[in-house]
Protein chains: 2
Amino acid sequence: MSLLRDNGPLSRAQLADRVEVPRPRLLAELDRMVAAGRVLEAGPAASRGGRRSTLVRLAPGLRFAAVDLGASSIDIEITDGGLDPVASCSEVADIRSGPVAVLDRVSELLGGMRERGHYTRLDAIGIGLPGPVSFREGVPVSPPIMAGWNRYPVRDTLARAHDCPVVVDNDVNVMALGEQHSGVARTVEHLLFVKIGSGIGSGVQHHGHIYRGAAGAAGDIGHIQVESDGPVCSCGNFGCLEAYFGGTALARDATAAARDGRSPALADRLAERGALTAVDVGECAAGGDSTCVTLIRDGGHRVGQVLATLVSFMNPSMIVIGGGLSGLGYVLLSEIRSVVYKRSLPLATGNLPIVMSELGPRAGVVGAALLASELAYGGGVWPHPS
Amino acid sequence: MSLLRDNGPLSRAQLADRVEVPRPRLLAELDRMVAAGRVLEAGPAASRGGRRSTLVRLAPGLRFAAVDLGASSIDIEITDGGLDPVASCSEVADIRSGPVAVLDRVSELLGGMRERGHYTRLDAIGIGLPGPVSFREGVPVSPPIMAGWNRYPVRDTLARAHDCPVVVDNDVNVMALGEQHSGVARTVEHLLFVKIGSGIGSGVQHHGHIYRGAAGAAGDIGHIQVESDGPVCSCGNFGCLEAYFGGTALARDATAAARDGRSPALADRLAERGALTAVDVGECAAGGDSTCVTLIRDGGHRVGQVLATLVSFMNPSMIVIGGGLSGLGYVLLSEIRSVVYKRSLPLATGNLPIVMSELGPRAGVVGAALLASELAYGGGVWPHPS
């Protein structure tokens, strides 16, 4: 079914060529899926000589729900069996309002999409959470920014509410998966995906498989120390990457620059709106405000310092930058590039592209839909379910 | 054959229980190996009811050569088919004298061991080199401390000289493999092995498989920057880990401490021997010299800083410290532990042991012998030969 998802309709003969199960078993399995209504016969295939094979395709009624929970947002996409979007919705939501409130709201939004006819039943749900996740158990584990979520049974709650299988993973892992399945990293062996949003995280993929580490905490780079005598971080340590950069740090620094007169453009916006975000910094930088350009450069420099270390250690095939702050564009990207290419080992950077996400804000839902489909189709995204 | 290597003699029935190939194919394969003289029949096995099975074991004449090339040493071990050592030799050698001189000397040493009757022919050679290696091609790639070795055909040279298959890998990867096969990391899923010798490197294993990265450079942590305004490093950058610690840096700092009067104990030794090494620092520290204790603590602190970053990123199941400077013992280890446990994410350190290598100086040859045996037996150490 993964083959039909990624290739569209295929003949039984083409399928038999591409999978490694014996032909009789494949055909029996296909008959079973046709009987279950998940695969449809779609007329005769072009002849290859000999008896004509039948085209099969995924049933048009297959539906997956992809849910991307951010620190301050809910994004949902309903897709068909081939992962093409059928409907989507997004709204602001505070993850700190707790699992009951947030998951109730997710279920309400899904219910609304069902009422509007976008699905009648879901075949699976994939959901990404902004914190470490025990993939095996489907629960968040000691998530630093998700008060009240620790070990909350996210998977089982959604599975009961929607009567379908559910898969839960860390949001950055999910974005990395999306980018590798249908974004810029399609042919990449060892991917390092870096999300720069309110906070900063990363997702690692080896040969198309998410690497989760011993406790599901792999990739959590936001609290790596970049200066031992740096500013205090929300985690209680000093000089963490997130204390220097990310949406929260940038809003703080922008507000300071507005107040102390370094940036007239930011001061105008602060007076007008009462608060500043990373978007304001990006727009003022694009408008030529030198303080804003410097803020972005300084942040990119800090991210580059950490990535230079990780590149020497991991020797990835590609780095993809995603998340909300990737909207800051080429000023950010060029600073990251210059630090990594200067600081990492030449052998590790020789063939290393550092690029922006192709899927942008959709990376999370694309990855979540992929995880949902793998769960439903029994695919191989996770060989090592640790 | 890997099963016979790791378990000793087994009956055909026991083998059939433990491998996933159909029984007739296994038995035919065993017959083929008996005919080739690699496996011997060793009498009847204990009855399990029904027809009595035959015990088989590895032929006693199987021989592997394990070669561990360091920056300043050659260590060789000849093992039998079960990887038990048959003979070994070690000598000082400068890797910078180039591949022709060093590999000729390796071949001479091997020849001497053959003449002394330790083997008649080799079934395979495994060799670890102190630099990045293209595993697929069996050549070193841009090795920073191995002048003249870049892309030298190490594998093919040794294979021609000894008429057997040869496998070449990075020395730290090889040590990590040894430690996971027969050292302290036997049951570990995600291993981070850190070698602190003249320089500092690391080897990563996931599920028993070496992780090499896109260009074979993974684990090369010696030139990660720990202070942006730190001392200049041999690589030309500033503040690299190796500019602070490792055998070379420690000898430099010890000499300075002897000369400027901070350490009378080191001054005495310098006057007596003309030069100082890490061993002197360790011995003086054990003798109560506070400057030497401080030198070790400071070095451990720098290593800990880098490992704290890598732990947050990789979330390993265990860290093993090996290499010559692990002889500095618990002063070094306790400093590394305190920094990592304080600086990394709690979720990533909750169940993280940080321990000394169990194999010590033998880790390299044990790993090299294992690689050689996997090559000869067709085992599965490398599913992804990148």
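Order of the sequence lines sets the chain letters (A, B, ...), proteins ahead of strands, with each chain counted from 1.
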> Contact part of B/S228 toward chain A, heavy-atom cut-off under 4.5 Å: side chain, backbone, both or neither?
Replying inline: side chain

>> Just so I understand: if I count every heavy-atom pair under 4.5 Å between each of B/Q305, B/E227, B/M314 and chain A, which residue has the most?
In response: B/M314

> Of the backbone (N, CA, C, O) and the side chain (C-beta and beyond), which part of B/A215 lies under 4.5 Å from a heavy atom of chain A, both, or neither?
Replying inline: both

> Does B/Y211 reach the main-chain N or O of A/H206 with its side chain, forming a donor-acceptor pair under 3.5 Å?
Replying inline: no

> For B/V306, is it the side chain, the backbone, both or neither that has a heavy atom under 4.5 Å from a heavy atom of chain A?
Replying inline: neither

> Do B/D220 side-chain atoms and A/S312 backbone N/O form a donor-acceptor pair below 3.5 Å?
Replying inline: no

>> If I take atom OG1 from residue A/T309 and atom CG from residue B/L310, how far apart are they, to the nearest 0.5 angstrom?
In response: 7.5 Å

> Do other residues, nucleotides or ligands put more than 12 heavy atoms under 6.0 Å from A/R186 CZ?
Replying inline: yes

> In terms of heavy-atom pairs under 4.5 Å, which option from B/V311, B/I221, B/N237 contacts chain A the most?
Replying inline: B/N237

> Side chain, backbone, both or neither: which part of B/L347 has a non-hydrogen atom closer than 4.5 Å to chain A?
Replying inline: both

> Picking from B/S142, B/G201, B/G219, which has the most non-hydrogen pairs under 4.5 angstrom with chain A?
Replying inline: B/G219

> Taking atom CG of A/L192 and atom CZ of B/F313, what is their separation to the nearest 0.5 Å?
Replying inline: 5.0 Å

> Counting heavy-atom pairs under 4.5 Å to chain A, which of B/C235, B/A218, B/S317 comes out on top?
Replying inline: B/A218

>> Could you report the tightest heavy-atom contact between B/N315 and A/A217, atom names first, then the distance?
In response: OD1-N, 3.0 Å

>> Heavy-atom pairs under 4.5 Å with chain B: which of A/V226, A/N351, A/I224 has the most?
In response: A/I224

> What pair of heavy atoms forms the shortest contact from B/H223 to A/R343, and how long is it?
Replying inline: O-NH2, 3.3 Å

